[in-house]
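Here's the structure, in structure tokens; my notes come after.
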Amino acid sequence: MDSVSSGIPRLRAERLSRIFGQGAAAVRALTGVNLDIQDGEFVAVLGPSGAGKTTLVRLLAGLDTPSEGRVLLDGSDLGRLSEARRARFRRLRIGLLWPTPHLLSVLSVEENVALPLLLNGSSKAEALHIAQGALERVGLSAHRAEDPAHLMPAEAQLVALARALAVSPAVILADEPTGRLDTEAGDRLLRLLRRARDEWGQSVLLTTQNIRVAAYADRIVHLRDGVIFDVTPFNEAP
Amino acid sequence: MSVKHALLSLLYHRPCHGYELRERFEISLGQHWDLNPGQIYLTLERLEREGLVNHEVVAQDTGPDKKVYRLTPQGEQELQRWFTHPIDRGERLRDELYVKLIMGLLTSVTPAEEIIAAQRQGLLRELHRVTLQRAQCDWRQDTPTLLLLDSAILHLEADLYWLSLYETRLNALKAHTWPEPHPRPRGRPPRSADIKQGES
């Protein structure tokens with residue numbers, strides 16, 4: 001479904017809460033979060049460690065189930081899908097990026113990037129062709145045959161971005177993707193996320209503790225103690 | 001920003017006229033300064049009064065005569081002094097944002113939280129604008145612009161972090177008691193002769 005023509009946000013969090021544990025030991029990680037990400041919008045969730053950023057990303061990706069509320073991707077309630085359908089939905093529609101790249105060292109760089117496409121049913125030739133294109137976008141095609149263990153940390157994170165881009169997802173969810181990179185490598189990654197929004201049609205949600213990283217977005221959502229306490233919109237929003 | 005010293009620097013290697021100076025100013029310092037031609041001519045006039053530059057009128061085959069400015073020995077000395085003395089950042093202790101926040105507390109015209117929120121939004125907007133400008137900059141070609149934008153980003157970041165500090169310490173600030181100014185002594189101060197008389 002095209003969310004532009006339908007007016008439905010790409011991704012919507014409705015009254016999202018997540019409580020870990022029970023009774024006296026219960027910890028509220030997220031409380032009543034409402035958040036819409038429009039098609040082609042780049043949103044940054046800014047908050048200190050422990051604010052609930054990773055919990056939010058896991059819920060939005062359908063990797064975790066909310067205690068209250070729901071997540072809608074292109075209008076579909078992730079909670080109503082079976083585990084198998086949700087996983088397939090995620091692989092097709094969501095590109096995920098974590099603080100560390102999680103590359104498989106038994107595969108080459110391009111095979112890592114091609115892996116989600118193979119899981120989605122592409123032929124090996126087609127998957128490798130698309131993977132090469134994705135590696136080219138992040139400027140790493142020269143490394144495609146390498147063992148990922150030989151990459152610099154910044155390069156490995158760009159391979160992870162290529163892997164997320166390869167499936168042409170509707171949304172890229174990036175949880176502190178620059179947290180372990182130096183400023184220059186972080187800037188390189190952020191410029192690519194900006195291109196994903198500007199040129200490749202992706203919506204992006206990024207979490208960070210760093211104001212400078214958040215400034216790349218169209219809108220900053222300020223999260224503290226599991227609650228959105230402020231929003232800073234910029235004029236770049238579509 | 002010292003337009004004065006930028007102009008002295010541009011005149012260091014060779015004399016030039018006002019229009020050329022403006023062009024060279026833009027080429028070396030980028031398009032980021034909002035410097036109008038009038039400002040250049042006014043600064044040149046001031047530099048001439050101070051004896052740091054002088055000019056000669058050069059007749060043109062076509063068009064009006066041109067004033068060509070050159071650095072005087074005093075101008076060279078001033079430039080040397082400027083380069084070798086650190087910039088005085090004393091104005092940081094008279095920071096407008098600090099003044100606004102403290103006066104906001106003293107007057108209570110607007111709640112401190114509202115002032116903070118408005119400032120934060122403004123600083124974040126500026127940071128966003130400069131960040132996107134930096135992202136579009138060609139990193140291999142345009143090192144001067146990159147350096148200028150980095151400076152702007154670092155200062156904005158510092159202001160934002162400082163604003164958070166202010167927010168964290170807001171309750172302590174609200175509880176702070178500002179001492180009353182000393183009452184002004186009346187009449188003229190006593191002369192030493194008066195004191196002596198009083199003693200006798």
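First the proteins, then the strands, lettered A, B, ... as listed; each starts at 1.
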Should the heavy atoms of other residues, nucleotides or ligands under 6.0 Å from OH of B:Tyr19 be counted, would the total exceed 12? no
Closest non-hydrogen contact found for B:Gln121 with A:Pro233 is OE1-CD, 4.0 Å
Output for pair (A:Ile220 CD1, B:Arg125 CZ), nearest 0.5 Å, gives 10.0 Å
So how far is it from A:Ile211 CD1 to B:Leu124 CG, rounded to the nearest 0.5 Å? 6.5 Å
Counting neighbours of OH on B:Tyr98 that are heavy atoms of other residues, nucleotides or ligands and sit closer than 6.0 Å, is the number greater than 12? no
Quick check on B:Arg46: does its CZ atom have over 12 non-hydrogen neighbours (other residues, nucleotides or ligands) under 6.0 Å away? yes
Is it true that A:Asp230 and B:Arg120 make a salt bridge, defined as a side-chain N closer than 4.0 Å to a carboxylate O? no
A:His129, NE2: over 12 other non-hydrogen atoms inside 6.0 angstrom: no
Other residues, nucleotides, ligands: >12 heavy atoms within 6.0 Å of B:His176 NE2: yes
Is B:Leu154 close to chain A through its backbone or its side chain, or both, or neither, when contacts mean heavy atoms under 4.5 Å? side chain
Could you tell me whether B:Glu96 atom CD has more than 12 heavy atoms of other residues or ligands within 6.0 Å of it? no
CG/B:Leu132 to CG/A:Asp198 distance, rounded to the nearest 0.5 angstrom? 8.0 Å
Separation between CD (B:Glu126) and CZ (A:Phe234), nearest 0.5 Å, reads 10.5 Å
Taking atom OG1 of B:Thr131 and atom CZ of A:Arg212, what is their separation to the nearest 0.5 Å? 7.0 Å
Is it the backbone or the side chain of B:Arg134 that comes under 4.5 Å from a heavy atom of chain A, or both, or neither? both
Contact origin within A:Val213 toward chain B - heavy atom pairs under 4.5 Å: neither
Residue B:Ile153 versus chain A: region with a heavy atom under 4.5 Å: side chain
Please say whether more than 12 non-hydrogen atoms of neighbouring residues, nucleotides or ligands are located less than 6.0 Å from CZ in B:Arg81. yes
For B:Ile87, is the CD1 atom crowded, meaning more than 12 foreign heavy atoms sit under 6.0 Å from it? no
What do the steps show when you test B:His128 against A:Thr232 for side chain to side chain contact (heavy atoms under 4.5 Å, CB included), and what is the final call? CA-CA 10 Å; B:His128 171 71; A:Thr232 309; over 6 Å; no
